[in-house]
Engineer: 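The structure's right below; bear with me while I get my questions together.
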Amino acid sequence: MAAHKPVEWVQAVINRFDEQLPVKTGHQNTHTRVSTEHNKECLINISKYKFSLVISGLTNILKNVNNMVTDIWRTDYPGHTGEQSKDCLRLDETMLVKQLLPEICHFIHTYREGHQHAAELRSSASGVLFSLSCNNFNAVFSRISTRLQELTVCSEDTVDVHDIELMQYINVDGYKLKRLIQETVLKFKALKKPAQLAVINSLEKAFWNWVENYPDEFTMLYQRPQTDMADAAERLFDLVDSFAESPKRKAAVWPLQIILLILCPEITHIISREVVEESKANKKLFWESLRKALAGQGVSKQLTESAAVACVKLCKASTYINWEDNLVVFQLVQSIVVDLKTLLFNPSKPFSRGAGSQNADVDLMIDCFVSCFRINPHNNQHFKVCLASSSPSTFHFVLVNSLHRIITNSDLDWWPKVDAVYCYSGELRLMFSDTLSRVMQSLHTHAPLRMTPSLTFKEKMTTSLKFKEKATDLDTRSYKCLLLALVKLIHADPKLMLHVRKQAQEIKSSTAELITGLVQLVSLANTAQLSQEAMEALLVLHQPETIELWNPEAPIETFWDIRYKDTLWFF
């Protein structure tokens with residue numbers, strides 16, 4: 001019957017999906033969640049053949065939903081499939097996009113901080129927009145371009161910049177980025193200040209979308225320079241430079257300006273010279289101002305902070321360039337990296353841009369840490385600073401999350417592997433033990449079995465990772481976040497915690513402490529994410545090739561001793 005009435009059949013599945021959304025059913029139990037997932041899978045499969053019916057149906061659902069719609073937006077949802085049947089290719093996709101795009105934008109623009117599911121809604125909706133723009137870039141670009149044009153003739157000081165901000169969510173390759181820059185060049189000067197700032201912020205994010213999704217294209221830019229890209233980037237640099245007439249505006253535009261220079265390989269060579277031609281003098285002056293601000297030489301705190309952001313972006317971008325293709329970029333990096341690390345990794349004066357910027361500051365430090373490792377994995381002074389017990393807990397969090405990114409994101413051949421820091425395994429294990437002890441105390445549970453490091457191991461440490469006697473609720477949450485990050489790190493690469501240089505008996509005891517601690521986390525109540533990650537970490541630790549590292553001198557004996565004497569009773 002479905003073959004004879006495809007429209008009715010598809011609509012029936014969509015209606016069933018609509019009826020099972022949490023916004024209509026309330027709290028979902030296991031049965032309803034499984035049923036919803038089954039319906040989603042059906043819709044994904046149907047969309048390969050009846051794409052327009054599925055998208056039209058979902059669009060209608062969105063128009064009627066005012067609250068939670070998280071289950072609708074998933075990055076593997078209909079429309080995200082790379083393969084579509086001939087039936088789909090014959091569809092007028094322009095009309096479908098015109099129907100769907102406003103609804104997606106609604107959830108990106110409308111739900112801001114304060115809404116219960118604001119971050120999740122924006123993340124899910126932006127994921128759909130990213131996928132949609134892969135095959136329908138012109139439709140999204142037209143919306144952005146039209147809004148830019150409207151704002152060039154707008155006389156109001158307060159303007160709606162939401163459509164401009166779509167730049168930061170879409171799929172951008174080199175050609176699309178060039179189009180965005182060229183469009184901005186044409187209209188930037190006529191925009192009001194709020195729109196100009198929105199363009200500046202959004203273009204920067206669009207650049208990283210390109211670099212991270214098409215790293216080979218960016219690398220190729222330094223092997224075969226693209227004149228049209230460089231010309232557009234230089235023209236926009238000059239426009240933005242004219243806009244930055246005050247310290248406050250300079251702070252706002254420096255991060256984009258460094259990116260625009262990166263898009264001009266020839267100019268990176270020019271600004272490294274002592275004397276430059278007049279047309280490039282503003283680029284040279286920008287670079288020198290950036291260096292002075294980073295060093296804190298007679299400038300405001302705001303400019304120093306902006307210089308730090310810009311220089312981290314330079315370091316990060318340089319890791320996507322093979323040094324053999326452009327040695328000058330790395331010379332520029334080397335000229336600022338010492339001041340940069342001094343500013344960001346100073347335990348006595350932690351970097352901070354204010355109370356509302358903690359997450360952004362941590363992200364900046366992680367970007368810097370990872371970039372410095374990829375540039376030179378053996379220059380690890382900042383690694384030792386982050387590992388030290390006397391450093392703020394934020395530094396520990398940055399260290400662990402940086403290592404996790406190094407392990408899980410290794411797209412380019414010349415990026416070094418995490419085994420370069422296996423020598424710090426012992427210190428990381430001690431950090432895990434002490435963090436676990438603190439969290440267990442805060443949960444009012446029994447103390448972990450054998451979680452106290454051996455005296456011999458303590459004596460090898462110049463400092464101890466002991467925590468404060470009394471911790472605030474904020475401290476407790478920080479320790480839980482750090483513990484979760486450490487467990488994820490074990491899951492990502494268990495070898496990082498197993499390269500402890502000790503005598504055989506000490507290695508066996510240390511491994512037992514690690515595994516016992518993870519087993520305790522699995523059984524904890526009200527810590528679902530931590531328990532799940534601990535379970536995953538235990539699974540990878542029990543892989544045959546990893547078991548051999550439990551105690552290289554006696555792996556089988558150690559395995560059976562730990563497995564049955566220390567941990568089995570927890571199950």
Side-chain angles (χ1 to χ4, degrees), residues 10 13-14 17-18 20-24 36-37 39-84 88-89 91-113 115-144 146-147 161-173 176-177 180 202 205-206 208-210 212-214:
V10 172
V13 178
I14 292 173
F17 178 76
D18 183 21
Q20 291 181 337
L21 290 176
V23 69
K24 294 188 175 182
T36 300
E37 289 299 320
N39 283 335
K40 289 164 70 174
E41 292 177 6
C42 287
L43 286 173
I44 291 171
N45 290 328
I46 294 168
S47 70
K48 297 176 182 178
Y49 308 99
K50 296 297 177 183
F51 184 75
S52 63
L53 293 177
V54 173
I55 292 300
S56 297
L58 292 178
T59 302
N60 289 332
I61 292 175
L62 285 177
K63 290 179 179 179
N64 298 320
V65 172
N66 295 316
N67 296 309
M68 289 187 296
V69 292
T70 303
D71 284 342
I72 293 179
W73 296 122
R74 297 297 181 195
T75 54
D76 59 350
Y77 211 68
H80 296 183
T81 54
E83 297 180 1
Q84 296 182 10
C88 296
L89 296 177
L91 295 172
D92 185 358
E93 289 194 8
T94 302
M95 294 304 298
L96 291 172
V97 172
K98 285 183 178 180
Q99 294 174 20
L100 184 57
L101 191 55
E103 305 306 323
I104 298 172
C105 294
H106 170 78
F107 293 107
I108 293 176
H109 302 332
T110 303
Y111 293 89
R112 298 288 168 167
E113 278 66 29
H115 186 276
Q116 184 180 3
H117 300 282
E120 189 175 4
L121 284 168
R122 283 201 310 278
S123 176
S124 298
S126 62
V128 174
L129 180 61
F130 181 89
S131 297
L132 186 67
S133 65
C134 292
N135 296 321
N136 301 277
F137 176 78
N138 287 337
V140 184
F141 179 81
S142 177
R143 188 180 179 101
I144 296 170
T146 299
R147 189 58 184 150
V161 298
H162 287 151
D163 284 344
I164 296 177
E165 294 173 345
L166 295 179
M167 291 184 192
Q168 60 191 280
Y169 302 115
I170 59 180
N171 178 280
V172 177
D173 59 17
K176 295 171 184 175
L177 179 65
L180 289 172
S202 298
K205 291 181 171 61
W208 290 113
N209 279 342
W210 173 46
E212 293 171 358
N213 288 287
Y214 300 93

Engineer: I need the minimum non-hydrogen distance between Met167 and Val172, along with the two atoms involved.
Structural biologist: O-CG2, 4.5 Å

Engineer: CG of Leu129 to OH of Tyr169: how many Å apart, nearest 0.5 Å?
Structural biologist: 9.0 Å

Engineer: I want to check something: taking the side chain as every heavy atom from C-beta on, are Asn171 and Tyr214 in contact at a cut-off of under 4.5 Å?
Structural biologist: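 Asn171 reaches Tyr214 side chain to side chain.
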
Engineer: Could you pull out all residues at least two apart from Ser202 that satisfy side-chain hydrogen bond (donor to acceptor under 3.5 Å, both in side chains)?
Structural biologist: Gln168

Engineer: Return the minimal non-hydrogen interatomic distance between Ser126 and Ser123, and the atom names on each side.
Structural biologist: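 Taking every non-hydrogen atom into account, OG-O, 2.9 Å.
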
Engineer: Answer yes or no: is there a side-chain heavy-atom contact under 4.5 Å between Asp173 and Phe137?
Structural biologist: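 Side chain of Asp173 against side chain of Phe137, heavy atoms only: no contact under 4.5 Å found.
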
Engineer: Only one of Leu132, Ile144, Asn209 forms a side chain to side chain contact (heavy atoms under 4.5 Å, CB included) with Ile170, so which one is it?
Structural biologist: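 Option passing the side chain to side chain contact (heavy atoms under 4.5 Å, CB included) with Ile170: Ile144.
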
Engineer: Can you name the side-chain contact (heavy atoms from CB on, under 4.5 Å) partners of Thr146, sequence neighbours left out?
Structural biologist: Ser142, Glu150

Engineer: What pairs with Asn138 under side-chain contact (heavy atoms from CB on, under 4.5 Å), at least two apart in sequence or on another chain?
Structural biologist: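 Partners of Asn138 under the side-chain contact (heavy atoms from CB on, under 4.5 Å) test: Arg179.
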
